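What follows is one structure encoded as structure tokens, with my remarks underneath.
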Amino acid sequence: MAPGSDDDPRIGDISEGMVLRAILARTVPASHALLGPGDDAAVVAAPSGSVVATADTLIEGPDFRLAWSSGYELGWKSAAVNLSDVAAMGAVPTALLVSLAVPADTRLSFVEAMADGFRECCSQLAPGCSVVGGDLTVSELLVVAVTALGDLGGRAAVTRAGARPGDVVALAGELGVAAAGLGLLFSRFREGASPVPVERSILDAVQRGALDRQLRPVPPVALGPAAADAGATAMMDVSDGLALDASRMADASNVTIEFSGAALDALAFGGARERALGGGEDHGLLATFPPGRMPEGFVQIGTVSARAGAPVLVDGEPVAETGWDPYRDWDHAR
């Protein structure tokens, strides 16, 4: 159906059953699902005997703008941020539960595109994981609430609290690129305080890449279990900025994390160290390993030392714990 055409009904004009059938037609079976969508609840296998669970909510306004995100991009991002949290525990994502609160005038094609985004993100980043259920309701604002489940496969969960003096600090993923994409949205695609649709044709290839990482993040999901297998002592998803998230790990582990400025500069998008430390939504994996245990896909960016004053240092100097705050950085005027 063509978006906005007569055969693309508004959500408020059709039944819940019709919307759900359209969504379910775009899902694929989850490999761990013993019972998938269609009943009062799904049944998901937990071969290791334990379940990793996380949840995240994206709300129109503080978390995204419909002028900037397509339905596909919104579905992809909603899946990706949750898959990354499961991976950060050393687990393999197994299933997603998605609850949608959708304005009545939303077109069915938009919701179908969201379902496509969920499916394709899982297919590319976490094969075998899929949407197994959820809820649908009508709301003045578009809200996407996702619960993600994962299986540890016999591994111990990797928490933020296990970093030890002498460990190496490593990162899998990117630094500052999503923040650069967000900067483009706010600087190039607004009229006053109002967002306007993105014109990709006026951006160069580097800018388009940064925009893609903001709207469709690609966290290194497979490297979470790989890090756990390699003996990671601590790990977490970097969603709120490297400096702030590293300080959380340092506090949980009662250590100091010392970054190398040269290593940060080498990884920082555009060489912007400040954005690399403070920019959010890159969804890389920050992990600590015993020396010689760092797996392929991670890059060493520092070391762990005994706690002495500041939780995070760069070349020996304390770093401010500034980071990503969606209410400030997306919607500070509210």
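Just so you know, residue 1 is the first one in the sequence shown, and it goes up from there. These numbers were taken from a predicted model, which means no experiment stands behind them.
Here the side chains of Arg200 and Asp212 are in contact, with some heavy-atom distance below 4.5 Å. A heavy-atom distance below 4.5 Å is found between the side chains of Glu120 and Trp76. You'll find the side chain of Pro195 stays beyond 4.5 Å of the side chain of Phe189, heavy atoms only. By the 4.5 Å heavy-atom criterion applied to side chains, Ile11 and Val111 are counted as neighbours. The shortest side-chain heavy-atom distance between Pro197 and Trp68 does not fall under the 4.5 Å cut-off. A 4.5 Å side-chain heavy-atom check between Ile59 and Val143 finds at least one atom pair inside the cut-off. Inter-residue side-chain proximity for Phe118 and Val146 is flagged as met; some heavy-atom pair is nearer than 4.5 Å. By the 4.5 Å heavy-atom criterion applied to side chains, Val221 and Pro93 are counted as neighbours.
No continuous path of hydrophobic side-chain contacts links Leu285 to Val81 [ILVMFWY only; heavy atoms under 4.5 Å]. The cluster map of Ile, Leu, Val, Met, Phe, Trp and Tyr, joined by side-chain heavy atoms under 4.5 Å apart, puts Val158 and Met249 in different clusters. Taking hydrophobic clusters as Ile, Leu, Val, Met, Phe, Trp and Tyr residues chained together by side-chain heavy-atom distances below 4.5 Å, Leu313 does not share a cluster with Val319. Residues Leu20 and Leu97 are members of separate hydrophobic clusters, defined by side-chain heavy-atom contacts under 4.5 angstrom among Ile, Leu, Val, Met, Phe, Trp and Tyr. Grouping the Ile, Leu, Val, Met, Phe, Trp and Tyr side chains by contacts below 4.5 angstrom, directly or via other members, places Leu100 with Ile14.
In this structure, the side chain of Asp204 engages the main chain of Val206 through a donor-acceptor pair within 3.5 Å. Remark: side-chain polar atoms of Thr288 are paired, donor with acceptor, to backbone N or O of Ala234 under 3.5 angstrom. Between the side chain of Arg190 and the backbone N or O of Phe186 there is at least one donor-acceptor pair closer than 3.5 Å. Of the possible polar contacts, one joining the Ser70 side chain to the Glu73 backbone as a donor-acceptor pair under 3.5 Å is found. When atom types are taken as modelled, the side chain of Asp282 and the backbone of Ala178 share a donor-acceptor pair closer than 3.5 angstrom. A distance-only check finds no donor-acceptor pair linking the side chain of Ser130 to the backbone of Ala30 [under 3.5 Å]. In this structure, Ser253 contributes its side chain and Val255 its backbone to no donor-acceptor pair below 3.5 Å. Proximity of a side-chain donor or acceptor of Ser123 to a complementary backbone N or O of Arg119 within less than 3.5 Å is not detected. Between the Asp245 side chain and the Asp240 main chain, a donor and an acceptor come within less than 3.5 Å of each other. Between the side chain of Ser69 and the backbone N or O of Leu66, no donor-acceptor pair lies under 3.5 Å.
Around the CD atom of Gln300, the shell of radius 6.0 Å holds more than 12 heavy atoms that belong to other residues, nucleotides or ligands.
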Q: Mind running side chain to side chain contact (heavy atoms under 4.5 Å, CB included) on Val92 and Val86 for me, showing each step along the way?
A: CA-CA 7 Å; Val92 174; Val86 172; over 6 Å; no
(Q) Working note: Thr147 + Thr54, criterion side chain to side chain contact (heavy atoms under 4.5 Å, CB included); need CA distance, chi angles, decisive distance, verdict. (A) CA-CA 6 Å; Thr147 298; Thr54 186; over 6 Å; no
Q: Kindly determine whether Glu60 and Arg65 satisfy salt bridge (Lys or Arg N to Asp or Glu O under 4.0 Å), including the steps that lead there.
A: CA-CA 6 Å; Glu60 180 185 352; Arg65 302 284 196 278; over 6 Å; no
Q: Check the pair Ser305, Glu258 against side chain to side chain donor-acceptor pair (under 3.5 Å), reporting the backbone distance first and the verdict last.
A: CA-CA 7 Å; Ser305 62; Glu258 301 189 42; 2.7 Å; yes
**Q.** Full working for side chain to side chain contact (heavy atoms under 4.5 Å, CB included) between Leu74 and Leu142
**A.** CA-CA 11 Å; Leu74 184 56; Leu142 178 58; 3.6 Å; yes
(Q) Please determine whether side chain to side chain contact (heavy atoms under 4.5 Å, CB included) holds for the pair Arg188 and Gln207, giving the CA-CA distance in whole Å, both sets of side-chain angles, and the decisive distance to 0.1 Å. (A) CA-CA 11 Å; Arg188 304 287 292 277; Gln207 291 171 327; 3.6 Å; yes
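A distance of 3.5 Å separates CG in Asp151 from OG in Ser48, rounded to the nearest 0.5 Å. Atoms CG and NE2, from Leu149 and His32 in turn, are 10.5 Å apart once rounded to the nearest 0.5 Å. Remark: Arg307 CZ to Thr256 OG1 distance equals 5.0 Å, nearest 0.5 Å. Interatomic distance, SG of Cys121 versus NZ of Lys77, reported as 12.0 Å (0.5 Å rounding). To the nearest 0.5 angstrom, Asp167 atom CG is 9.5 Å from Thr303 atom OG1. Interatomic distance, Asp8 CG to Thr106 OG1, rounded to the nearest 0.5 Å: 10.5 Å.
A salt bridge links Arg273 to Asp265: one of the charged nitrogens lies within less than 4.0 Å of a carboxylate oxygen. Electrostatic pairing of Asp229 and Arg155 counts as a salt bridge here, judged by a charged N lying under 4.0 Å from a carboxylate O. Salt bridge status for Glu112 with Arg26: present, with a side-chain N to carboxylate O gap under 4.0 Å. No salt bridge links Asp251 with Arg248; every basic N to acidic carboxylate O contact stays at or beyond 4.0 Å. Under the 4.0 Å criterion applied to side-chain N and carboxylate O atoms, Asp13 and Arg107 are not assigned as salt-bridge partners.
Scanning all heavy atoms of the two residues, the minimum distance from Phe259 to Val169 falls at CE2-CG1, 3.9 Å. Residues Ala42 and Val132 share a closest heavy-atom pair of CB-O, 3.5 Å. Across Leu242 and Ala276, no two heavy atoms sit closer than the pair CB-O, 3.6 Å. When all heavy atoms of Met294 and Ala170 are compared, the pair lying nearest together is SD-CB, 3.5 Å. In terms of heavy-atom proximity, Ala287 sits nearest to Phe298 at CB-CE2, 3.9 Å. Considering all non-hydrogen atoms of both residues, Thr233 and Pro290 come closest at CG2-CD, 4.0 Å.
Of the residues listed (Val168, Leu286, Ile257), the one engaging Ile301 in a side-chain contact (heavy atoms from CB on, under 4.5 Å) is Leu286, and it is the only one.
Screening residues 84-95 for side chain to side chain donor-acceptor pair (under 3.5 Å) gives Ser84-Asp237 as the qualifying pairs, with residues at least two apart or on separate chains.
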